[in-house]
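Proteins come first, then strands; the chains are lettered A, B, ... in the order of their sequence lines, and each starts at number 1.
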Amino acid sequence: MTSLQAGTRNELLLMLYRRKTLFFFLASALVPIFLAVSFNALQSTIGLLTVSQSFPIQMLELYTMFMIPLFFFLAISDLFPQEISSRTLKLALLRPISRFGAFAAKILALGAAIAALLVLLAVVTLACSVLMGSAGMATIDWFGYGKAYAAGFLSMWALSSVFVFVSQFFRSANGFLVFAIVLYAAAKFAPFFVKGFSAFSLASYTDWYLLWLSHSVSSGKLMTSLLFVLSGFMLFITLGYMMFDRKEA
Amino acid sequence: MEQIARVTGLTKEYRNKRGIRNIDLELRKGDIYGLLGPNGAGKSTLLKIMTGLIRPDKGTVALFGYNVDNEFENAMRKVGCMIESADFYDYVTASQYLKLVLNFYPEIGLERITEVLGYVGLSPYAGERIRHFSTGMKQKLALAAAVMPNPELVLLDEPTNGLDIEGIVLFRELVKRLSEEKGITFLISSHMIHELEQLCNRVGILQQGKLVQEGEVSELLSGSPSLEHYYIEQLRKAKEGNRDDQPASGNA
């Protein structure tokens, strides 16, 4: 357990030491502020735009669709293919931590980084909503937002597991990045051409949090979709680990 | 004497048919064991299997009585190593990297970082990013990281690659000091035969994946003027032996 903690802490520290991670977090905090300021400025000319009470949820849609997938593509490329190409994987594997521990540490660090990005987004969008919009602290639906962000986190972490698996086939970070973006775009467009594709694709769950906000969705459907997301996560993590375990550093 | 490492029947064959074959090796406490062999003889493969970086086709490795294959964490707890080239996360500083290493050993305090950087003469560069380091400086940092966790066994693969003369002398003194003062066991693979002659009490010679000769340096030198003479002689014998083993071809 100590080794897993140390491994996870190290992976998180390595993420923080990379300037692009800090840049991504900074940009993620600034985008909602920029949009909120723009909405306020344009409200007098285009009345439809406003920083409403649902601003944190509107931003969640933008982030789960584009920003967070882009973030975890970058993070995964550093965690796996980059470690192979720069021959630094052995630095972790030569410490008293099992292969499974080293892999789990990377997955936990990835999950923690996604969670941190979502917490940052929640704080910034709520602040924008209160300071620049119509929402007051008393009117905020804390429970609803909490559910939506938790569902957003689960769907993003589960989707990242698909790309963790895919990354095991690559020895170059750039090659993986390009392929991941194309694969994600293809998975997003596929439901328009292949009937029933979205039912079996974790990429179709980027707006899964909407189900949790809806009052008309049965708890049975919520449970079924939750089990699908969790089983997809476990399946791809297991496949990813099987390949990682066979790697020769 | 206490057994630190035991390698039994270790075999690994790559697609190009190179690798190691049926290696048996034992390291006893306090040994400084030199592993000699030409390029491609299998020295790095042996060290990589001993540290779990690659898996053998056959055979086992036990460090401190723990099997590397299924008790890895316990086997590696008292091991420091430097395998192949000194590669690092180049965006971190030397002290940040050593802190990452230290996270795996909560019983060791932060002051150890200053201590090990002092050992290898990198104290003035503690805050510098590794991307600005020369090959020799990276090699020194790898050595510092290897001895960081107060190990009882240190495995070093070509540790003097890229080091200048001062660095080589510093390395030799460090190994001698740690061996004498702390009784650390070393397994060093190197081409620097004169270094190994001065440092090691035992050597093994690898040729085409086989451990063709092994023994105490003092015994091996009893019939040869230097370890280099002995080494060349053993390689020649091994090659002749291989030629004799090959079936005659052509005139059936």
Using 30° and 60° as the class boundaries, would you call the ring planes of [X] and [Y] parallel, tilted or perpendicular?
X	Y	answer
A:F71	A:F25	perpendicular
A:F165	A:F169	perpendicular
A:F80	A:F244	perpendicular

So which of [options] has the largest heavy-atom pair count under 4.5 angstrom toward chain B?
options	value
A:R246, A:R99, A:R18	A:R18
A:R95, A:K247, A:Q82, A:E248	A:R95
A:R9, A:K90, A:R19	A:K90

Checking heavy atoms, do the side chain of [X], its backbone, both or neither come under 4.5 Å from chain B?
X	result
A:D245	both
A:S86	backbone
A:L13	side chain
A:E83	side chain
A:L14	both

Hey, is B:R112 close enough to B:E115 for a salt bridge, meaning N to O under 4.0 Å?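 Result for this pair is yes, salt bridge flagged.
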For B:Y66, does the OH atom have more than 12 heavy-atom neighbours from other residues, nucleotides or ligands under 6.0 Å away?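 Open.
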Quick check on B:R18: does its CZ atom have over 12 non-hydrogen neighbours (other residues, nucleotides or ligands) under 6.0 Å away?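 Not more than 12 within 6.0 Å, no.
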Which bit of B:T93 comes within less than 4.5 Å of chain A, counting heavy atoms only: side chain, backbone, both or neither?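 It is neither, since no heavy atom gets under 4.5 Å.
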Between B:A145 and chain A, which part of the residue has a heavy atom less than 4.5 Å away: side chain, backbone, both or neither?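 Looking at B:A145, backbone and side chain both touch chain A.
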Contact winner vs chain A - B:M76, B:E71, B:E73, B:K48, heavy-atom pairs under 4.5 Å: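 Looking at each of B:M76, B:E71, B:E73, B:K48 in turn, B:E73 comes out on top.
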Any side-chain donor paired with an acceptor under 3.5 Å for B:S44 and B:D157?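 Judged by distance alone, the side chains do pair up.
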Passes side-chain hydrogen bond (donor to acceptor under 3.5 Å, both in side chains), A:R87 versus B:S85? Steps please. CA-CA 9 Å; A:R87 294 155 52 129; B:S85 51; 2.8 Å; yes
